[in-house]
Amino acid sequence: MAAALPKTYDPAATEARWQRAWEEAGAFHPDPAGPGEPFSVVIPPPNVTGSLHMGHGFETALIDTIVRFQRLQGKNVLCLPGTDHASIAVQTLLEKQLKAQGIPKEELGRDAFLEKAWSWKAESGGTIVGQLRRLGYSVDWQRERFTLDPGLNQAVVEAFLRLHDQGLIYRGEYLVNWCPASGSAVSDLEVEMKELEGHLWHFRYPLTDGPATGGSDHLVVATTRPETMLGDTGVAVHPDDPRYAALVGRTITLPLVGRAIPIVADEHVDPAFGTGCVKVTPAHDPNDFAIGQRHGLPLITVMAKDGTMNAAAGNFAGLDRFEARQAVVAAMEAGGFLVKVEPHRHSVPFSDRGKVPVEPLLSTQWFVRAEPLAARCREALDGGSPRFVPERWEKVYRDWLTDIRDWCISRQLWWGHRIPAWFVVSETGGVITEATPYVVARDAGEAHEKAETAYGEGSRAAGRELQLEQDPDVLDTWFSSGLWPFSTLGWPDPAAADLARWYPTSVLVTGFDIIFFWVARMTMLAGAMEPAGAGQNWMPFADVMIHGLVRDENNRKMSKSAGNGIDPLPLIERYGADALRFALVREVAGAGQDIRLDYDRDRGSSSTVEAARNFANKLWNATRFALMNLGGETPASLGAPDPERLQLADRWILSRLARVSDETAQRYGSYALGEAAKGLYEFAWNEVCDWTIELLKRRLNPRPAAEGEPLSPEALADQRTARQVLAQVLEQLLVLLHPLMPHLSEELWHGLTGAPESTFLALNPWPVPEPGALDAGLEDRFAELIEAIRVVRNLRAVAGLKPSQPAPVLFVTGRADLAATLSEATADITTLTRAESVTVLDPATAAARPAARALAAVSGELQVLLPLEGLVDLDALRARLEKDIAKATKEIQGLGGRLANPNFASKAPPEVVAECRANLAEAETQAALARQRLVDLGG
RNA sequence: GCCCGAUUAGCUCAGCGGUAGAGCGCCUGCCUUACAAGCAGGAUGUCGCUGGUUCGAAACCGGCAUCGGGCACCA
């Protein structure tokens, strides 16, 4: 760093330079055999669906702050980056692109489609990695992973096999959430309920055998989905409902279809809702499916997988499901079966991705038996593992693991991990049906061996040649993401060094929106795989830090579909990555659910980030000041100051530094990152810049006693002490700030220390405070000095003195210790208040002097006087004293009231009572002194 | 329906049992050779409402209100 630094910090070049230097030096590429306690984080892999928004920037800032801190603590830190293939999201996106070009994906074919997907991945993945680099992420890029990498695919296959062998994966025909838009099954979690204004249609279903004795000849059922009536196979009533008791066991004749279907009694029916009769469509509704199971009702599917009606729908075949709804209603009305239509608000399941209503549809899929896996996780949680931060998210996680439903893991998509199951199609006439036997294997060769063993002989006996076909479907993306903490470390290779060294990981940092999708899936799969070996701790992370979601300027959740994502790059370009990181982390202190970033979309500006940029600039200038005042020396060449030579201000800032260093380490270590950032901001700006640097200026630039004379040995020694203190404080401050502002701190640290380019602050040890540096009593004394200086400055402002105009300052106090502090700091007071002279008197001596016409203020037991003959504005003076009196009076009232309460003295802790008494005495003294000043002035 | 949050200065948020805080914004004065992206000084709040616990409540407990989120859903 050159001596003549520019006045403002320009982050762009600096940040790029250090990112390159770190990476080229392999600074964040740890050796599993390296020293230090292991600390590891796998980053939540962003989807390769385009680019990152501010939410990712936020998460990155959090994770990087944590891992950089741990590195400074001397740990052997691995932070592993990567991206996720996001099966359904990417496929949807690509299909949309193809559709725009008028190419159906079937025409393109699976292989060509996958080729396109891979090139998309290269592009999007590249963009994302570029963005992460630009933030200064201290991850190990040499260990970057993608969920479809061969190694990770091997993990997926292995996991599938093991789960299948344990009976935890099964295949079968069930009602699943079918997304007609993507043409695939989706899991329960990918379904979002939306409240919609719909209708409740009441249909008359005639009894097949005419009216019961004295009863009606029909039942009335109500439905929100008329088109499904074509698949009705029953009508249900509550078993205790007297209105229909006589009808149970009889049948009705389904209008439009003509099928006779039974009336069954089922507890599920709420007799108070509607007519108390429910049409039962087991193939198109989960509740009806359950009723159907209980009563042995047949399943009739009337809809095809693209959401149109199928042949079973008779005349309605070929119609889209929503067209069919209109048509069925019209037909029912025409047939006199429509009783009435009511407006009805109800929840409709929508597909997260497809943005269309999902269709409960009967289909053959693969499932993971979730309960045994969840049980293991609940048990671990009972033992406190993992530990959630903030704690309350633990309940959310636990609730989901309780009453969990099986997980549908097959997707009718192309982009993803192919299901490692081979159907022995020769057993079922060359086609795959629900009944086709299959083998699960690591590859085609193993599949053939297994099939040969199981079916070879039988086949040949039947004169058939064994014929295998791999399941065309892929696995739910979250199945591979669920293995991420160990698949990335080399599992299932038992000899993987990274796995041995860094599994389980230390902390997972993620948003509350994917606790179920991801966190729970990882713990469940890890519990089944035991990646560290049987009997070893399998829980994939010790801690789970859950953060809030970044909202846009209108307080809405950012999402791709809403198009309201804030791109971090323009903000980084404008303010610097460090400023953005600092701003984001500083906002998170409360760990609330929302992170609001104030952002002016039109101007591309943010006052929050701007404030952080200003802070960066402040640090830049503080270091600039140091470089101009250290006489060409470095912290190392200067060495530690001689304790004998330390002045009050020196001992104060060194004590504060030691305290802040401890506090900050404690905060970083417990994920209180926002508090760490706020604490450092205040310490650096207020205590280091506003007070320490201002106080050191005089000593750093000593004036000779007379013009032209050399500096005294005393002045030179003091100058050295001042340099030592400044250098030490600044160097350590940069270390403390490094996790939050890595580039700036690295740059300034090199400037300050002159360290070679190949040495990094990023790999430096956390500062160990000088023993005995902490001194609480001294900090209190110094706080009084600061207050005294403030009072003087305020008085000068009230008097309307020009800042450059010197004026005499007189302190009067009866407290010997305070008088001593003020006397010791006379030179400092002179500098900071432009004092012409500083005099400290005790009240007796002061009383003996002729009453000066002076501006006066009273703070505690300290009177501050500015004798300003001829200049004094008496009104301003009186006003100031009145203000002091009012303040003291208010305090006397409050404290007096408390002390007057006998219960307070008897029940409150003695130290609180004592403090209260002392404060009261002080306030009374203050009020008395101020009144006396008024009298002295003839007021 | 069940479960979580949130409600503090104009704005964004800390504080979680001992006399209300920060940043931004606002007002006054300063280009004081580190920094005008700055310096010094200043103003600003019945801490959502309401009961209770306590010597003492912004903080702890109960109720209410408003906003937000999650889970489950009755056709």
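In what follows, every chain begins at residue 1, and chains take the letters A, B, ... in the order their sequences are listed. Not measured: the values here are computed from a predicted model.
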Within the 4.0 Å heavy-atom criterion, would you say Cys916(A) contacts the bases, only the backbone, or no part of the nucleic acid? nothing
Mind checking if Glu682(A) touches a base, just sugar-phosphate, or nothing, with heavy atoms under 4.0 Å? sugar-phosphate
Among the candidates rC55(B), rA34(B), rG38(B), find the nucleotide nearest to the side-chain atoms of Asn614(A). rG38(B)
Does OP1 or OP2 of rC39(B) have a side-chain N or O of Trp685(A) closer than 4.0 Å? yes
Mind checking if Thr224(A) touches a base, just sugar-phosphate, or nothing, with heavy atoms under 4.0 Å? sugar-phosphate
Classify the nucleic acid contact of Arg405(A) as base, sugar-phosphate or nothing, counting any heavy atom under 4.0 Å across all strands shown. sugar-phosphate
Find the distance between CG (Leu175(A)) and CG (Asp288(A)) and round it off to the nearest 0.5 Å. 9.0 Å
Taking NZ, NE, NH1 and NH2 as the nitrogens, is one of them in Arg398(A) or Glu394(A) under 4.0 Å from a carboxylate oxygen of the other? yes
Would you indicate what Asn617(A) reaches in the nucleic acid, counting non-hydrogen atoms under 4.0 angstrom: base, sugar-phosphate, or nothing? base
Side chain of Cys689(A) - closest among rA34(B), rU19(B), rC55(B): rA34(B)
Distance check: side-chain N/O of Arg596(A) vs OP1/OP2 of rU12(B), anything under 4.0 Å? no
Assign Pro902(A) to base, sugar-phosphate, or nothing according to its heavy-atom contacts below 4.0 angstrom with the strands shown. nothing
Just to be sure I understand the rule, does Asp513(A) reach a base, reach only the sugar-phosphate, or reach nothing, if contact means heavy atoms closer than 4.0 Å? nothing
Find the distance Lys7(A):NZ to rU33(B):P and express it as a whole number of Å. 9 Å
May I ask you to verify if any side-chain N or O of Arg796(A) is less than 4.0 angstrom from the OP1 or OP2 atom of rG41(B)? no
Which nucleotide wins on minimum distance to the side chain of His346(A), given the candidates rC24(B), rA43(B), rA75(B)? rA75(B)
Strictly below 4.0 Å: does Arg898(A) bring a side-chain N or O up to OP1 or OP2 of rC55(B)? no
With sugar-phosphate meaning primed atoms plus P, OP1 and OP2, does Lys618(A) contact a base, only sugar-phosphate, or nothing at under 4.0 Å between heavy atoms? base
Ser347(A) near the nucleic acid: base, sugar-phosphate alone, or nothing, with a heavy-atom cut-off under 4.0 Å? base
State whether the distance check finds a donor on one side and an acceptor on the other, under 3.5 Å, for side chain Arg613(A) versus base rA37(B). yes
Pair Lys887(A) + Glu882(A), salt bridge at N-O below 4.0 Å: no
Counting any heavy atom closer than 4.0 Å, what does Val913(A) reach on the DNA or RNA strands: base, sugar-phosphate only, or nothing? nothing
His202(A) vs rA75(B): side-chain N/O to OP1/OP2 distance below 4.0 Å: no
Carboxylate-amine/guanidinium proximity below 4.0 Å for Glu694(A) and Lys697(A): yes
Does CZ in Arg917(A) sit with more than 12 non-hydrogen atoms of other residues, nucleotides or ligands closer than 6.0 Å? no
